[in-house]
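One structure is given here, and the rest of the page talks about it.
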Amino acid sequence: MAELKIFNSLTRQKEIFTPLTPGYVGMYVCGPTVYSDVHLGNCRTFISFDIIYRYLKYLGYKVRYVRNITDAGHLEGDRDEGDDKFSKKARLEQLEPMEIVQRYTLGFHKVMELFNTLPPTIEPTATGHISEQIEMVKHILANGYAYVVDGTVYFDVEKYNKEKPYGILTNRKLEDLLEGTRALGGQDEKRGRLDFALWIKAKPEHLMQWPSPWGMGFPGWHIECSAMSSKYLGKVFDIHGGGMDLAATHHTNEIAQSQACYHVSPARYWMHTNMLTVNGARMSKSAGNGFLPGELFTGNHKLLERAYLPMTVRFFMLQTHYRSTLDFSNEALQAAEKGLKRLWEAYEALEKTDLSSIVDNEDTIDEALDNNCRELMAGFDEAMNDDFNTARVLANMFELVPVINSIKGGQIALGSIRKGTLELLQKQFRVYLLDIFGLKDERGNEGGVLDGVIDLLIQIRREARSRKDFATSDKIRNELLRQGIALKDEKNGSITWSFN
RNA sequence: GGUGUCGUGGUCGAGCGGUAAGGCGCAGCUCUGCAAAAGCUGUUACACUGGUUCAAUUCCAGUCGGCACCUCCA
C-alpha cells in the first residue's frame with residue numbers, strides 16, 4: 001500500500017501521514033454554530049471531511065471523528081464585546097436559547113443526512129462541556145498566560161508570543177498582526193490588542209450563563225474546541241480540520257491555548273478546506289450571497305434556474321480538490337448532473353454484468369486493454385493517497401466508462417478482459433462510488449415500484465414496433481419522456497429505462 | 001499595508017521538470033423505423049517578462065490581474 005500524503009497547513013507542504021498510534025486516527029473538525037441554517041459553504045467543508053473520514057476507514061484505520069456543535073459563546077461582534085449569537089436570536093424570536101440550538105441542530109443533521117455524510121463518532125456540544133472549559137481556563141491562568149479583568153479572562157497573546165510563535169499556523173509575525181488590528185479603545189480592558197477572551201463575564205440579562213471561579217459568565221468561542229478535542233482525542237492528536245477561514249483566528253488561538261495549558265501543539269496535521277464562491281466571491285453569511293441547501297433542492301432561489309439533487313451537489317464538489325476554491329453556478333451544476341448520470345448508469349450496467357460464466361482464454365485477451373483498465377484502477381488509490389485527490393479518481397473512472405458501456409453494447413467482447421480485472425472493476429466502482437465518495441441512488445424508485453409498470457409499457461411498445469405500429473411505440477416513448485422517464489434501445493435488442 | 005493563494009482550451013476543472021487528465025458543450029460518423037442512449041473521431045489551452053536547466057506549464061525572480069485571510073462566518 002502506498003503511503004497517504006496530507007497537505008499540512010502548519011508546514012505548508014504535503015507530508016506522509018503517520019498516525020500517533022498505529023492503526024488509529026483521531027480527527028477533530030470544527031462544526032457549525034447552530035444559531036441559523038447551515039449554508040452550502042459550510043456543507044462543503046463537512047462533505048470534504050466526510051470523504052476524508054471514509055477514505056481513512058477504507059485504508060483500515062479505526063477513526064475517532066469528533067465534530068463539535070457550537071451552541072454557546074459565539075459572539076456577534078468582534079472584540080469580545082458583542083451579543084452572544086444565541087441570546088440575540090433567542091430574544092429576537094422569543095424563544096429559549098436552547099430552542100434555537102435544538103432547531104438548527106436538527107436542521108443541520110437533516111441536511112447532512114441528505115448529503116449522505118456519515119455522522120461523526122462523537123458530536124460534543126459546548127454547553128455540555130462547560131466544566132471542562134473552566135478547568136482549562138484555570139490551567140492557563142495558573143500557567144501565567146491569562147489574566148482576569150472584572151470577571152472576564154483574557155489570553156495574553158504578547159506574553160505567549162515571547163515563548164512560542166503565535167502566528168505559526170498562518171505564517172504571520174506578531175508585529176504584522178498588530179499592524180492589521182485596530183487600536184485599543186480607551187474603555188478597552190484588554191492589555192493587548194490581540195488578546196482574546198477565554199471566559200466572558202455575563203451581563204445580568206444574558207440568557208446563557210454559568211457559575212465560574214470568576215463569577216457568572218460563558219466561555220469564549222475558541223476554548224470549546226481545545227477543551228473537547230483534548231478530552232476525546234488527547235492533548236495531542238492526529239488531524240484537526242476546518243474551513244480555511246478558521247485558520248487565522250480560531251485555530252491559531254486553539255494552538256495557543258493548548259500550548260499555554262498543556263505545553264503541546266494539539267494537532268499534528270492541520271487540514272483546511274477552501275471556500276465555496278459565487279461569482280468569484282466567497283459565499284458567506286454576512287455577505288448575504290449564501291445558498292441554503294433547501295433552496296438548492298427546491299430551486300427556490302433567484303440565482304438558481306431549477307432544483308438540484310443533493311447527490312449532484314456532492315458530485316460537483318468531488319470534481320474539485322478540497323483545497324481549491326469552488327465556484328457555484330447553474331452551468332457547473334448542470335454539467336455535474338449530466339456527468340454523474342453517465343457515471344452512475346455505467347456503474348449500474350457494470351453491477352448487472354454477470355461474470356460468473358467467464359473463463360479466461362489467453363487467445364482472446366486484449367492485453368493492452370486489460371492493462372489499461374488495471375492501471376486506471378490502480379490510479380484510484382494513488383490519487384486519493386496524494387492528499388485526497390478525488391478529481392483525479394473521477395477522471396480515471398470516466399475513462400473506464402466507455403469500456404463498461406462497450407462491454408454492455410457488445411463493442412468489446414467479455415473475453416477480451418480477464419475475469420479478475422472485471423471483478424476488480426466491479427469492486428472498485430462499488431467501493432469508490434458508494435463507500436468512499438458516499439454517492440447513492442436518488443432516482444426515487446424506492447423498492448422498485450416502477451419496475452413492473454415500465455416493463456409492461458416496454459412490452460407493449462415492443463409488440464407495436466414488431467407490427468411497425470410506430471405511432472403507438474412513439475407515443476409510449478414520448479409520453480414516458482414527458483414524465484421524466486427515458487427508454488433506451490440497447491445494442492443487444494433489450495430496452496432499458498432511466499429517469500431523465 | 002501584512003500573510004497567503006490562484007491565473008490551464010468554448011466552459012468547469014486535474015496535473016506540475018521531459019511538450020497537457022477528465023466532465024460539460026460543440027461537430028462528424030456508426031447503430032436505429034425515427035430518435036434517445038451508447039460507441040468511435042475531432043475540438044488551435046498552461047497571464048506576461050526574465051533566469052536556472054539538456055529540457056519549464058511545472059523551479060526561481062519580477063510584472064499584471066483575481067481571490068482569501070489579517071474583524072463574525074466552514
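Lettering follows sequence order; numbering is per chain, from 1. Nothing here was measured: the structure is a model prediction, and the numbers come from that model.
The side chain of A:D176 approaches B:U3 more closely than any other nucleotide in the set B:G22, B:G23, B:U3. The side chain of A:L276 sits closest to B:A74 out of B:A68, B:U3, B:A74. Comparing B:C70, B:G22, B:G13 by their closest approach to the side chain of A:L177 singles out B:C70. Distances from the side chain of A:D489 to the nucleotides B:A74, B:C34, B:C12 place B:C34 closest. When each of B:A37, B:C72, B:C12 is scored by its nearest atom to the side-chain atoms of A:T249, the top-ranked nucleotide is B:C72. Ranking B:G39, B:G25, B:G23 by closeness to the A:A335 side chain, first place goes to B:G23. Among B:C70, B:A14, B:A21, the nucleotide with an atom closest to any side-chain atom of A:H321 is B:A14. Which of B:G2, B:G22, B:A35 sits closest to the side chain of A:R461 comes down to B:A35. Taking only side-chain atoms of A:R172, from C-beta outward, the nucleotide of B:A38, B:G2, B:G13 with the closest atom is B:G2.
Annotation: B:G23 and B:G9 have their C1' atoms spaced 14 Å apart (nearest Å). For the P atoms, the distance from B:C40 to B:U57 is 31 Å, rounded to whole Å. As rounded to the nearest Å, B:A36 and B:G25 have P atoms that lie 13 Å from one another. Comparing B:A56 with B:G18, their P atoms are spaced 11 Å from each other, to the whole Å. Here the separation of B:A35 from B:U30, taken at their C1' atoms, is 15 Å to the nearest Å. The separation of B:G42 from B:A21, taken at their P atoms, amounts to 12 Å, rounded to a whole angstrom. With P as the reference atom, B:U71 and B:G62 are 27 Å apart, rounded to whole Å. Between B:U44 and B:U19, the distance separating the two C1' atoms is 15 Å to the nearest Å.
Side-chain atoms of A:T325 and A:D327 form no donor-acceptor pair, as typed in the model, at a separation below 3.5 Å. Defined by atom type and a distance below 3.5 Å, a donor-acceptor pair is present between the side-chain atoms of A:Y55 and A:N385. Side-chain contact check for A:E113 and A:H109: no donor-acceptor pair (N or O, by modelled atom type) lies under 3.5 Å. Side-chain atoms of A:Q426 and A:T353 form no donor-acceptor pair, as typed in the model, at a separation below 3.5 Å.
Note on A:K491: a base of the nucleic acid sits closer than 4.0 angstrom, heavy atoms only. A:E331 comes within 4.0 angstrom of nothing in the nucleic acid, heavy atoms only. If you check every strand for non-hydrogen atoms under 4.0 Å, A:H272 touches nothing. Backbone-only contact: A:F398 has heavy atoms under 4.0 Å from sugar-phosphate atoms and none from a base. The residue A:R44 sits apart from the nucleic acid: no heavy atom pair falls under 4.0 Å. Residue A:T170 is classed as a sugar-phosphate contact, given heavy-atom separations below 4.0 Å to backbone atoms only. In this structure, A:E490 reaches neither bases nor backbone, as no heavy-atom distance under 4.0 Å exists between it and the strands shown. A:A486 comes within 4.0 angstrom of no nucleic acid atom, judged by non-hydrogen atoms across all strands. Among the heavy atoms of the strands lying under 4.0 Å from A:M283 is at least one base atom, whether or not backbone atoms are also near. Contacts of A:G31 with the nucleic acid, taken as non-hydrogen atoms under 4.0 Å apart, involve only primed sugar atoms and P, OP1 or OP2. If you check every strand for non-hydrogen atoms under 4.0 Å, A:G280 touches sugar and phosphate atoms only.
Under 4.0 angstrom from either OP1 or OP2 of B:A14 there lies at least one side-chain N or O belonging to A:S324. Phosphate contact (OP1/OP2 of B:A74, side-chain N/O of A:N42, threshold under 4.0 Å): present. Remark: A:N389 is not in phosphate contact with B:A14, judged by side-chain N or O atoms under 4.0 Å from OP1 or OP2. The side chain of A:N396 contributes no N or O atom lying less than 4.0 Å from OP1 or OP2 of B:A21. Checking the phosphate oxygens (OP1, OP2) of B:C34, no side-chain nitrogen or oxygen of A:R465 falls inside 4.0 Å. Proximity of A:K341 to the phosphate of B:A37: no side-chain N or O atom is located under 4.0 Å from OP1 or OP2. One finds no side-chain N or O of A:R392 lying less than 4.0 angstrom from the OP1 or OP2 phosphate oxygen of B:G23.
Look at CG on A:L394: it is 13 Å from C1' on B:C12, rounded to the nearest Å. One interatomic measurement links the two molecules: NE2 of A:H250 to C1' of B:C72, which rounds to 13 Å at whole-angstrom precision. Distance CG (A:N171) to C1' (B:A68): 15 Å, rounded to an integer number of Å. To the nearest angstrom, P of B:G2 lies 17 Å from CG of A:L174. Per the geometry, CG belonging to A:L169 stands 15 Å off C1' belonging to B:A68, to the nearest Å. If you measure from atom CG of A:L376 to atom P of B:G23, you get 12 Å, rounded to the nearest angstrom. Rounding to whole angstrom units, CD of residue A:E175 and P of B:C70 are separated by 19 Å. Distance NE2 (A:H222) to C1' (B:A74): 15 Å, rounded to an integer number of Å.
Residue A:N405 is the one, among A:P32 and A:N405, whose nearest nucleotide of RNA chain B lies closer to the 5' end (criterion: closest heavy atom). Both A:K14 and A:K488 sit near RNA chain B, but only A:K14 has its closest nucleotide nearer the 5' end.
Counting distance only, with no hydrogens placed and no angle test, the side-chain atoms of A:R477 and the base atoms of B:A35 include a donor-acceptor pair under 3.5 Å. Judged by atom type and distance alone, A:D474 reaches the base of B:G33 through a side-chain donor-acceptor pair under 3.5 Å.
Using a cutoff of 4.0 Å between basic side-chain nitrogens and carboxylate oxygens, A:K408 and A:E345 are not scored as salt-bridged.
Each of A:D469, A:D455, A:D474, A:D489 was checked for a salt bridge (charged side-chain N to carboxylate O under 4.0 Å, His left out) with A:R461, and the lone residue meeting it is A:D489. Checking A:T390, A:L394, A:N396, A:I436 one by one against A:F380, the side chain to side chain contact (heavy atoms under 4.5 Å, CB included) holds for a single residue, A:N396.
Counting non-hydrogen atoms of other residues, nucleotides and ligands closer than 6.0 Å to CZ of A:R306 gives a total above 12.
Here A:F46 does not pack flat against the base of B:A74, since the 5.5 angstrom centre distance and 30 degree tilt limits are not both met.
No donor-acceptor pair closer than 3.5 Å links the side chain of A:S406 to the backbone N or O of A:Q411. At least one donor-acceptor pair closer than 3.5 Å links the side chain of A:T252 to the backbone N or O of A:A247.
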- Taking Watson-Crick and G-U wobble contacts under 3.5 angstrom, with | marking pairs to another strand and [ ] crossing pairs, the secondary structure of RNA chain B is written (((((((..(((.........)))((((((.......))))))...(((((.......))))))))))))....
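Within the 4.5 Å cutoff, no side-chain heavy atoms of A:L340 are placed close to those of A:R314.
Between A:H272 and A:H251, the angle of the ring planes lies from 30° to 60°, which puts this pair in the tilted group.
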